[in-house]
Amino acid sequence: MQSNRLSMVPASVVLAMGFVLAGCSSTPKDMTVGWSPEKIYSQAKEEADNGAWDKAIGLFEKLEGRAAGTALAQQAQIDKAFAQYKTGDKVQAAATLDRFIRLHPTSPAVDYALYLKGLVNFNDNLGLFSAIINQDLSERDQKAAKDSYESFRELTLRFPESKYSPEARQRMTYIVNSLASYEVHVARYYASRGAHVAAINRAQQAIADYPGVPASEEALAILISSYDAMGMSPLRDDAKRVLEKNFPTSAYLQGSGLSKSKSWWRLW
């Protein structure tokens with residue numbers, strides 16, 4: 001009777017059941033079974049060297065579990081973060097580095113972890129001091145720039161003698177200049193629309209938050225022009241005196257440079 005019941009089941013159903021059972025009985029083969037931690041790390045590095053970042057990440061994760069608590073596992077975590085960074089997964093890379101710094105605060109690799117975290121958020125597509133690309137960091141993600149700055153700052157404060165600190169300081173300077181440029185970029189936009197109060201506020205913010213940077217010159221010029229447009233002569237003259245003192249050869253001081261302000265803040 002049992003065989004008769006089975007014979008009544010459509011062949012397509014039996015075939016589908018066979019595929020399901022076959023799928024349940026087979027699992028992906030782990031090629032690292034029996035490998036030593038050293039061999040896993042060597043293979044992961046080879047994959048990374050060949051640009052196979054996803055494969056490298058998988059192997060580093062296996063090593064983290066296999067050799068937990070060892071120096072090799074710590075190295076795997078750092079290398080995994082770099083591989084995640086190279087794949088463009090900045091969120092995961094930053095999370096991996098945060099976890100490393102939290103779990104291994106005395107590791108000799110903490111300085112590198114902070115440096116790498118700064119790189120993760122740094123707009124490296126533009127280069128360090130790119131002057132030939134139309135778009136710059138000041139027009140992009142300001143939060144990422146500030147996060148990058150904080151990582152580099154922590155590195156230079158905690159590890160001033162680290163081999164990564166000199167470059168971190170250079171990048172910090174670039175970030176500060178770019179953030180100031182962003183504020184001036186916004187102030188310029190407001191001024192071009194005749195929104196002089198908003199322009200003044202953003203120009204003042206640039207000067208107060210980022211003193212001494214090159215963008216301060218234009219920020220002061222925007223203040224002068226906006227105060228002048230609003231008939232606030234004493235404040236205009238004060239801003240002009242500051243500009244003369246700090247940027248005595250500024251083009252904005254050359255007569256028509258201020259009176260025809262649209263020529264220097266217009267974006268089109």
Side-chain angles (χ1 to χ4, degrees), residues 118-119 121-153 156 165-268:
L119 282 185
N121 288 307
F122 188 83
N123 191 9
D124 61 345
N125 290 329
L126 301 172
L128 185 54
F129 297 111
S130 176
I132 61 175
I133 300 176
N134 290 330
Q135 187 180 32
D136 63 54
L137 181 63
S138 70
E139 297 172 341
R140 295 172 70 93
D141 186 354
Q142 299 305 300
K143 182 181 184 305
K146 291 176 181 178
D147 289 345
S148 177
Y149 180 89
E150 286 305 316
S151 295
F152 289 137
R153 180 173 178 273
T156 58
S165 288
E167 183 181 334
R169 294 186 184 97
Q170 286 184 313
R171 290 180 183 269
M172 286 169 66
T173 298
Y174 175 72
I175 291 169
V176 167
N177 287 338
S178 295
L179 291 172
S181 295
Y182 171 75
E183 294 299 331
V184 174
H185 174 81
V186 175
R188 187 190 315 135
Y189 172 82
Y190 284 135
S192 70
R193 297 297 189 273
H196 296 296
V197 173
I200 289 168
N201 288 338
R202 296 308 285 258
Q204 287 177 334
Q205 185 172 342
I207 294 169
D209 291 351
Y210 311 104
V213 300
S216 297
E217 179 182 2
E218 186 177 356
L220 286 164
I222 291 173
L223 285 179
I224 294 169
S225 184
S226 294
Y227 283 138
D228 187 58
M230 296 179 68
M232 304 172 74
S233 300
L235 291 175
R236 177 202 62 196
D237 294 342
D238 286 344
K240 188 175 181 180
R241 278 192 290 271
V242 175
L243 180 61
E244 288 172 338
K245 180 179 180 180
N246 290 278
F247 302 95
T249 61
S250 174
Y252 301 130
L253 293 170
Q254 308 307 313
S256 61
L258 291 175
S259 61
K260 297 181 180 179
S261 54
K262 287 185 179 180
S263 65
W264 51 266
W265 70 39
R266 187 171 292 281
L267 302 177
W268 51 87

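The chain is numbered in sequence order, starting from 1.
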Checking Ser181 side chain against Asn177 main chain: does a donor-acceptor pair fall under 3.5 Å?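 Checked: pair present.
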
Classify the angle between the aromatic ring planes of Phe122 and Phe152 as parallel (below 30°), tilted (30 to 60°) or perpendicular (above 60°). perpendicular

Which atom pair, heavy atoms only, marks the closest approach of [X] to [Y]?
{"X": "Ala180", "Y": "Val213", "value": "CB-CG2, 3.5 Å"}
{"X": "Leu220", "Y": "Leu243", "value": "CD1-CA, 3.8 Å"}
{"X": "Ser226", "Y": "Ala191", "value": "OG-CB, 4.4 Å"}
{"X": "Ile222", "Y": "Arg188", "value": "CD1-N, 3.8 Å"}
{"X": "Gln142", "Y": "Leu179", "value": "OE1-CD2, 2.7 Å"}
{"X": "Ala145", "Y": "Ile175", "value": "O-CG2, 3.5 Å"}

Given the rule in the side-chain contact (heavy atoms from CB on, under 4.5 Å) test, do Asp237 and Arg241 qualify, once you have shown the distances and angles that lead to the verdict? CA-CA 6 Å; Asp237 294 342; Arg241 278 192 290 271; 4.0 Å; yes

Salt bridge flag under 4.0 Å for residues Glu167 and Arg171: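 Looking at Arg171 together with Glu167, the answer is yes, because their closest N to O distance falls below 4.0 Å.
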
Short N-O contact, Asp147 and Lys143, less than 4.0 angstrom: yes

Please determine whether side-chain contact (heavy atoms from CB on, under 4.5 Å) holds for the pair Ile200 and Leu235, giving the CA-CA distance in whole Å, both sets of side-chain angles, and the decisive distance to 0.1 Å. CA-CA 11 Å; Ile200 289 168; Leu235 291 175; over 6 Å; no

[X] versus [Y]: any side-chain heavy-atom pair under 4.5 Å?
{"X": "Gln170", "Y": "Pro166", "answer": "no"}
{"X": "Val197", "Y": "Asn201", "answer": "yes"}
{"X": "Glu150", "Y": "Asn121", "answer": "no"}

Between Tyr252 and Phe247, is the ring centroid distance below 6.0 Å?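 No, the ring of Tyr252 stays outside the 6.0 Å limit from the ring of Phe247, centre to centre.
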
Please determine whether the number of non-hydrogen atoms from other residues, nucleotides or ligands lying under 6.0 Å from atom CZ of Arg153 exceeds 12.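 12 or below, so no.
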
Tyr190, OH: over 12 other non-hydrogen atoms inside 6.0 angstrom: no

If you round to the nearest 0.5 Å, how far is CD of Glu217 from CG of Leu253? 8.0 Å

Separation of Glu218 CD from Glu183 CD (nearest 0.5 Å):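 CD of Glu218 is found 12.5 Å from CD of Glu183.
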
Asp228 and side chain to side chain donor-acceptor pair (under 3.5 Å): which partner among Arg236, His196, Lys240?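 The side chain to side chain donor-acceptor pair (under 3.5 Å) with Asp228 is passed solely by Arg236 among Arg236, His196, Lys240.
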
